[in-house]
Amino acid sequence: LWGLGIPTAGLMILVRHRHDLFVQQTRTRYGFLFMGYKPEVFYWEVVIVYRKVAMAALMVYSNRWEGQVPVLVGIGFLLLSLYLHNAAGPFVSAELNKMESFAISLPTLSLYCGIMYTSTNISSSGRLVLFLLMVLANLAFVLLWIAKSCESLLRKVRDRVRRFSVSNVVAFEPVTPTPNDDTSRCHLVAQPELTFRKTKNIL
């Protein structure tokens with residue numbers, strides 16, 4: 001009930017506000033549901049949740065089926081999900097689209113290797129190769145995720161440092177000496193409204 005009710009409620013909210021998604025009030029309240037996705041597929045977060053719920057239900061309730069039918073159905077479902085994802089390309093970031101494709105392909109590979117691993121016609125060395133393949137594939141995904149997360153974090157830090165530097169750029173404004181001044185002076189004048197184009201060479 002909760003697995004279907006919560007994403008359905010989120011979908012209803014998104015559909016109701018589909019014409020004003022990028023209004024500040026809507027973004028503040030419901031932005032976690034659609035930010036990062038292309039406007040034409042604003043509902044894709046709900047699609048991902050439905051996919052995970054369906055996959056979990058398939059694994060739980062398929063014990064009534066005999067043999068390898070549940071695994072084959074799961075592989076078919078994942079391949080369909082991979083096709084729909086690649087056709088929609090829902091994320092604004094191309095890197096996120098690639099990561100999601102990798103994340104869907106990984107359990108597909110694991111299920112297929114699992115079928116081969118339990119086969120009676122495969123040798124012990126073949127089982128070892130399949131086991132290593134599954135482990136290395138999962139390890140590669142974890143390392144890729146860590147690398148992309150660190151890259152994104154460093155990019156955000158650089159952007160914040162750059163914005164801070166631009167907003168605090170100062171320039172010296174020469175002051176014309178007056179008769180009461182023995183020497184010329186310079187006043188330090190803050191210029192927070194300098195444009196990035198004017199400060200590009202300074203940075």
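All residue numbers in this chain count up from 1 along the given sequence.
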What is the minimum heavy-atom distance between [X] and [Y], and which atoms define it?
{"X": "A103", "Y": "P107", "result": "O-CD, 2.8 Å"}
{"X": "L111", "Y": "G74", "result": "CD1-C, 4.1 Å"}
{"X": "L130", "Y": "C113", "result": "CD1-O, 3.9 Å"}

Do the side chains of [X] and [Y] join up, straight or via other hydrophobic residues, at under 4.5 Å, putting them in one cluster?
{"X": "M134", "Y": "L82", "answer": "no"}
{"X": "L128", "Y": "V135", "answer": "yes"}
{"X": "V71", "Y": "L79", "answer": "yes"}
{"X": "V49", "Y": "L14", "answer": "yes"}
{"X": "V47", "Y": "M99", "answer": "no"}

- Side chain of K38, backbone of G89: donor and acceptor closer than 3.5 Å? yes
- Task: For the pair S110 (side chain) and L106 (backbone), establish whether a donor and an acceptor sit closer than 3.5 Å, ignoring hydrogens and angles.
- Result: yes
Please report the interatomic distance [atom1]([X]) to [atom2]([Y]), rounded to the nearest 0.5 Å.
{"X": "M116", "Y": "R127", "atom1": "CE", "atom2": "CZ", "value": "10.5 Å"}
{"X": "I75", "Y": "L109", "atom1": "CD1", "atom2": "CG", "value": "9.5 Å"}
{"X": "M55", "Y": "I104", "atom1": "CE", "atom2": "CD1", "value": "11.0 Å"}
{"X": "N86", "Y": "S81", "atom1": "CG", "atom2": "OG", "value": "11.0 Å"}
{"X": "F141", "Y": "L143", "atom1": "CZ", "atom2": "CG", "value": "11.0 Å"}

- Query: Just wondering, more than 12 heavy atoms not from Y50 lying within 6.0 Å of its OH?
  - Reply: yes
- Query: Should the heavy atoms of other residues, nucleotides or ligands under 6.0 Å from OH of Y83 be counted, would the total exceed 12?
  - Reply: no
Heavy-atom distance under 4.5 Å between the side chains of [X] and [Y], does that happen here?
{"X": "T26", "Y": "V23", "value": "yes"}
{"X": "E45", "Y": "F32", "value": "no"}
{"X": "L72", "Y": "I115", "value": "yes"}
{"X": "L144", "Y": "F102", "value": "yes"}
{"X": "N97", "Y": "V92", "value": "no"}
{"X": "F34", "Y": "P39", "value": "no"}
{"X": "R16", "Y": "M12", "value": "no"}
{"X": "T118", "Y": "Q68", "value": "yes"}

- Message: Please determine whether a side-chain nitrogen of the Lys or Arg among R51 and E100 lies less than 4.0 Å from a carboxylate oxygen of the Asp or Glu.
- Response: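 Answer for the salt bridge query: yes.
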- Message: In this structure, is the centre-to-centre distance between the rings of Y37 and F42 below 6.0 Å?
- Response: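 Ring-ring flag for F42/Y37: false, centres at least 6.0 Å apart.
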- Task: Check each of T8, V15, I13 against L11 using the side-chain contact (heavy atoms from CB on, under 4.5 Å) test, and report the only one that passes.
- Result: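 Exactly one candidate clears the test, V15.
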